[in-house]
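As structure tokens, the structure follows; a few thoughts come after it.
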Amino acid sequence: MNNHLRFQDLAFYGLIALSIAVASSMFMMSLSLIYLSLIWLYFSSSKAVLKTVQQTIFKNKALLFTLLIFLLYLVGLLYSNDLQTGLQEVKTKLPFLVLPLVFAHPNLDLNRLKKNKLLLLFSLTTVVVSFINFSVFQLVSNAENTRQMSLFYSHIRFSICASFSMLFFLHLIFSNAQKSVSVLYFFFIGWMGFYLVYSQSYTGLALCLIGLVLYTLKCQKIARSLRILFSGFILLIFVFSFFKINQEYQFFKNRSQINQNNFKQYTVNQNAYLHDFKNTQVENGYYIWRNICEEELKTCWNKASHQDYSKADQKQNPQYATLIRYMTSLGLTKDSVGFSKLNDAQIKEIEQGQTNYRFSHLSKFQQRIYETLWELDYYNQGIAPINGSLVQRFAYWKTGLKTYLNNNLLFGVGSGDLKIAMQPHFLDSKLKDHAKFWNKPHNQFITFLVLFGAVGCLVLILTMLIAFSHSSLLFKIVTLVLFLSMLTEDTLDTQAGATIFSFFYTLLSYKKSE
């Protein structure tokens with residue numbers, strides 16, 4: 001067997017392993033990349049091969065800019081103060097080096113059938129992992145938060161995999177798949193959609209809807225009648241979502257307009273009430289921080305519950321705050337009289353961390369809408385955003401942009417200095433007294449601005465624009481979904497995220513044999 005066939009077969013085995021690993025195993029990801037690196041080195045000793053690799057990379061701009069992302073981190077080490085963190089970042093970005101080199105190798109020859117096999121293996125693996133996640137969560141795990149369903153890595157990264165699997169199944173259906181197989185693929189699409197809804201991965205659900213809509217509207221292989229039918233279905237989803245959002249908004253904004261002078265100063269037991277008129281937070285339209293007598297609440301709670309009033313509930317939030325919010329949602333005064341109206345089931349809900357009595361009969365989607373509205377209201381009052389992922393992102397984006405504007409605008413601070421550079425700006429933010437919430441910007445573009453300045457951010461943007469000039473519809477949509485995910489996450493800052501991006505970006509841009 002000649003070197004061409006040997007590399008072709010061995011590299012394809014590595015890509016098969018990687019397509020399975022991307023959805024299932026961090027360890028297998030690393031092994032697959034190491035294997036592909038060794039194969040490439042072994043079969044790239046001649047000058048002729050290296051010259052062809054170089055020519056291919058410069059010809060295929062998608063491979064070139066994937067490689068440039070790795071080079072940004074490598075060069076960023078030269079002016080980084082925290083070399084250890086910088087080296088760890090470079091290690092995480094190794095997929096951006098390995099995969100462009102593999103796909104640029106002259107002895108690699110992937111036809112459309114082989115590419116579809118890799119996409120199918122990835123998609124089937126994602127379905128299997130989702131069944132495992134769901135089964136363990138239902139039958140074994142004691143966890144109550146569905147975001148803990150992802151067993152193998154971050155639920156955010158897995159939601160991206162789930163979105164891609166749905167898109168790839170749709171692509172395979174219209175790539176001359178047999179009717180019996182197509183029915184099975186449609187079932188998998190439905191299952192993955194249910195999984196995203198059940199696990200409350202609404203970001204992943206939004207990404208997959210965008211991807212599916214664009215593919216359906218743009219794919220010439222799909223009949224016009226099917227496009228209209230699918231578009232109508234998606235439109236119904238958006239109309240339903242808008243209706244539910246408006247319904248919860250109308251309920252939320254119905255603030256109690258009671259004259260401040262009408263509030264009582266003392267409880268029936270002649271204990272003083274606390275009324276914080278400056279704080280206008282509400283729960284179901286009732287002001288939270290009014291009509292509170294903590295002395296009576298603490299006594300009543302500690303008699304009725306085994307969980308201490310001053311400690312945490314089962315969601316690790318302050319028990320007293322959960323109690324006050326829950327009682328407010330019922331329109332009760334926060335005193336012994338109000339507490340006496342709680343039943344055993346409601347006390348149990350409060351122990352479990354439930355902050356609103358309506359959550360027990362609201363759908364997960366409606367509950368999430370309400371919680372988001374509550375977070376936004378909380379943030380608008382200038383309170384430290386420690387009780388919601390959305391408002392925390394606002395703080396991270398603002399702090400990240402401040403960091404960028406106060407450092408090297410052109411080249412940034414270097415690969416390892418993100419946390420060092422952001423720290424003084426967190427001290428000047430709403431999170432100044434909450435150091436455990438000092439995180440990365442949760443926006444890949446802002447992160448690149450801080451790390452590599454305008455130059456680095458331009459590389460990232462051009463990487464996206466290059467995909468839009470490609471002939472492959474699937475490549476364009478996958479790239480768009482990846483970059484949309486970067487608006488709310490540092491998608492590339494984990495091994496899983498970096499591998500997902502570099503694998504699908506380089507695989508779908510490959511077009512040698514087509």
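- In this structure, the side chains of Y357 and N284 come closer than 4.5 Å at one or more pairs of heavy atoms.
- Side chain of T322 to backbone of P318: a donor-acceptor contact under 3.5 angstrom is found.
- For the pair T463 (side chain) and V459 (backbone), a donor-acceptor distance under 3.5 Å is present.
- Contact detail for T126 and F158: the closest heavy-atom pair is O-CZ, 3.6 Å.
- Between the side chain of S329 and the main chain of N356, no donor-acceptor pair closer than 3.5 Å is present.
- Not one N or O on the side chain of Y273 forms a donor-acceptor pair closer than 3.5 Å with the backbone of T333.
- Across all their heavy atoms, A467 and K476 have their closest contact at O-CG, 3.3 Å.
- Between the CG atom of D313 and the CD1 atom of I350 there is a distance of 10.0 Å, given to the nearest 0.5 Å.
- Between the D417 side chain and the A421 main chain, no donor and acceptor come within less than 3.5 Å of each other.
- Checking each of L87, L94, T92, V90 against Y73 for a side chain to side chain contact (heavy atoms under 4.5 Å, CB included) leaves exactly one that passes, namely V90.
- Between F448 and V455 the shortest side-chain heavy-atom distance does not fall below 4.5 Å.
- Under a 3.5 Å cut-off, the side chain of D490 and the backbone N or O of H442 do form a donor-acceptor pair.
- For the ring-ring contact (aromatic ring centres under 6.0 Å, His included) test with F501, the passing option among F164, F65, F96 is F96; the others fail.
- In the model, W438 has no side-chain atom that pairs as donor or acceptor with a side-chain atom of Q423 under 3.5 Å.
- H275 places a side-chain N or O within donor-acceptor distance of the main-chain N or O of K264, the cut-off being under 3.5 Å.
- The aromatic rings of H171 and Y215 sit perpendicular, their planes meeting at an angle over 60°, well past the 30° parallel limit.
- Each of F188, F187, F122 was compared with V127 under the side chain to side chain contact (heavy atoms under 4.5 Å, CB included) criterion, and only F188 meets it.
- Counting only heavy atoms from C-beta outward, the side chains of L124 and F169 approach each other to under 4.5 Å.
- The shortest side-chain heavy-atom distance between I288 and I324 falls under the 4.5 Å cut-off.
- Rounding to the nearest 0.5 Å places NZ of K398 at 13.0 Å from NE2 of H425.
- Between the side chains of Y286 and N291, not a single donor N or O lies within less than 3.5 Å of an accepting N or O.
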### Message
As a quick check of understanding, evaluate side chain to side chain contact (heavy atoms under 4.5 Å, CB included) for T403 and I446, giving each step before the final call.
### Response
CA-CA 10 Å; T403 304; I446 296 176; over 6 Å; no

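- Taking the six-membered ring where the residue is Trp, the centroids of F168 and F504 are separated by under 6.0 Å.
- Put simply, CG on L451 and CG on N408 are 12.0 Å apart, with the number rounded to the nearest 0.5 Å.
- In this structure, the separation between CD on Q281 and OG1 on T328 is 10.0 Å, given to the nearest 0.5 Å.
- Exactly one residue among I69, V478, T66 makes a side chain to side chain contact (heavy atoms under 4.5 Å, CB included) with Y505. That residue is T66.
- Smallest separation of non-hydrogen atoms from R290 and N279: NH2-O, 3.7 Å.
- A 6.0 Å sphere centred on CZ of F242 holds no more than 12 heavy atoms belonging to other residues, nucleotides or ligands.
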### Message
Set out, in order, the CA-CA distance, both residues' side-chain angles and the distance that settles side chain to side chain contact (heavy atoms under 4.5 Å, CB included) for C293 and L297, then state yes or no.
### Response
CA-CA 6 Å; C293 179; L297 275 186; 6.0 Å; no

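- Under the 4.0 Å criterion applied to side-chain N and carboxylate O atoms, E283 and K334 are not assigned as salt-bridge partners.
- More than 12 heavy atoms of other residues, nucleotides or ligands sit less than 6.0 Å from atom CG of N343.
- Taking each heavy atom of S415 and L77 in turn, the nearest pair found is OG-N, 3.5 Å.
- Among residues two or more places apart in sequence or in another chain, the side chain to side chain contact (heavy atoms under 4.5 Å, CB included) test is passed with S485 by I160, L207, T491.
- No side-chain donor from either of N271 and D335 sits under 3.5 Å from a side-chain acceptor of the other.
- Side-chain atoms of D493 and T447 include no donor-acceptor pair closer than 3.5 Å.
- Between W301 and F339, the ring planes are perpendicular. Angles over 60° get that label, and only those under 30° would be called parallel.
- Although no hydrogens or angles enter the test, the distance criterion places no donor-acceptor pair under 3.5 Å between the side chain of W289 and the main chain of T280.
- With contacts defined as side-chain heavy-atom distances shorter than 4.5 Å, the pair Q352/Q314 qualifies.
- Without hydrogens or angle criteria, N302 side chain to Y309 main chain gives a donor-acceptor distance under 3.5 Å.
- Counting only distance, with no hydrogens or angles, the side chain of T399 and the backbone of Y396 share no donor-acceptor pair below 3.5 Å.
- With rounding to the nearest 0.5 Å, the separation of SG in C219 from CG in L170 is 7.5 Å.
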### Query
Going through the checks in order, is the side chain to side chain contact (heavy atoms under 4.5 Å, CB included) test met by L492 and L460?
CA-CA 11 Å; L492 307 183; L460 194 61; 4.1 Å; yes

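- Side-chain atoms of Y287 and D276 form no donor-acceptor pair, as typed in the model, at a separation below 3.5 Å.
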### Message
Using side chain to side chain contact (heavy atoms under 4.5 Å, CB included), reason through N317 and T355 one step at a time and then give a plain yes or no.
### Response
CA-CA 10 Å; N317 294 314; T355 55; 5.8 Å; no

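- Under the ring pair (Phe, Tyr, Trp, His ring centres under 6.0 Å) criterion, W191 pairs with F131, F134, F194, sequence neighbours left out.
- Closest approach of L205 to G193, counting heavy atoms only: CD1-O, 4.3 Å.
- Judged purely by distance below 3.5 Å, without hydrogens or angles, the side chains of Y326 and E349 pair a donor atom with an acceptor atom.
- Taking 4.5 Å as the limit, some side-chain heavy atom of M166 sits within range of a side-chain heavy atom of L196.
- When only modelled atom types and interatomic distance are considered, E351 and Q307 share no side-chain donor-acceptor pair under 3.5 Å.
- The closest side-chain heavy-atom distance from I156 to T203 is not below 4.5 Å.
- Between R368 and E371 a salt bridge is recorded (basic side-chain N to carboxylate O distance below 4.0 Å).
- Counted within 6.0 Å of CD on Q270, heavy atoms from surrounding residues, nucleotides or ligands total more than 12; the atom is thus considered enclosed.
- The shortest distance between side-chain heavy atoms of L323 and M327 falls below 4.5 Å.
- Nearest heavy-atom pair, V413 versus L418, reported as atom, atom and distance to 0.1 Å: CG2-N, 4.3 Å.
- Residues passing the side chain to side chain contact (heavy atoms under 4.5 Å, CB included) test with K218, sequence neighbours excluded: L473.
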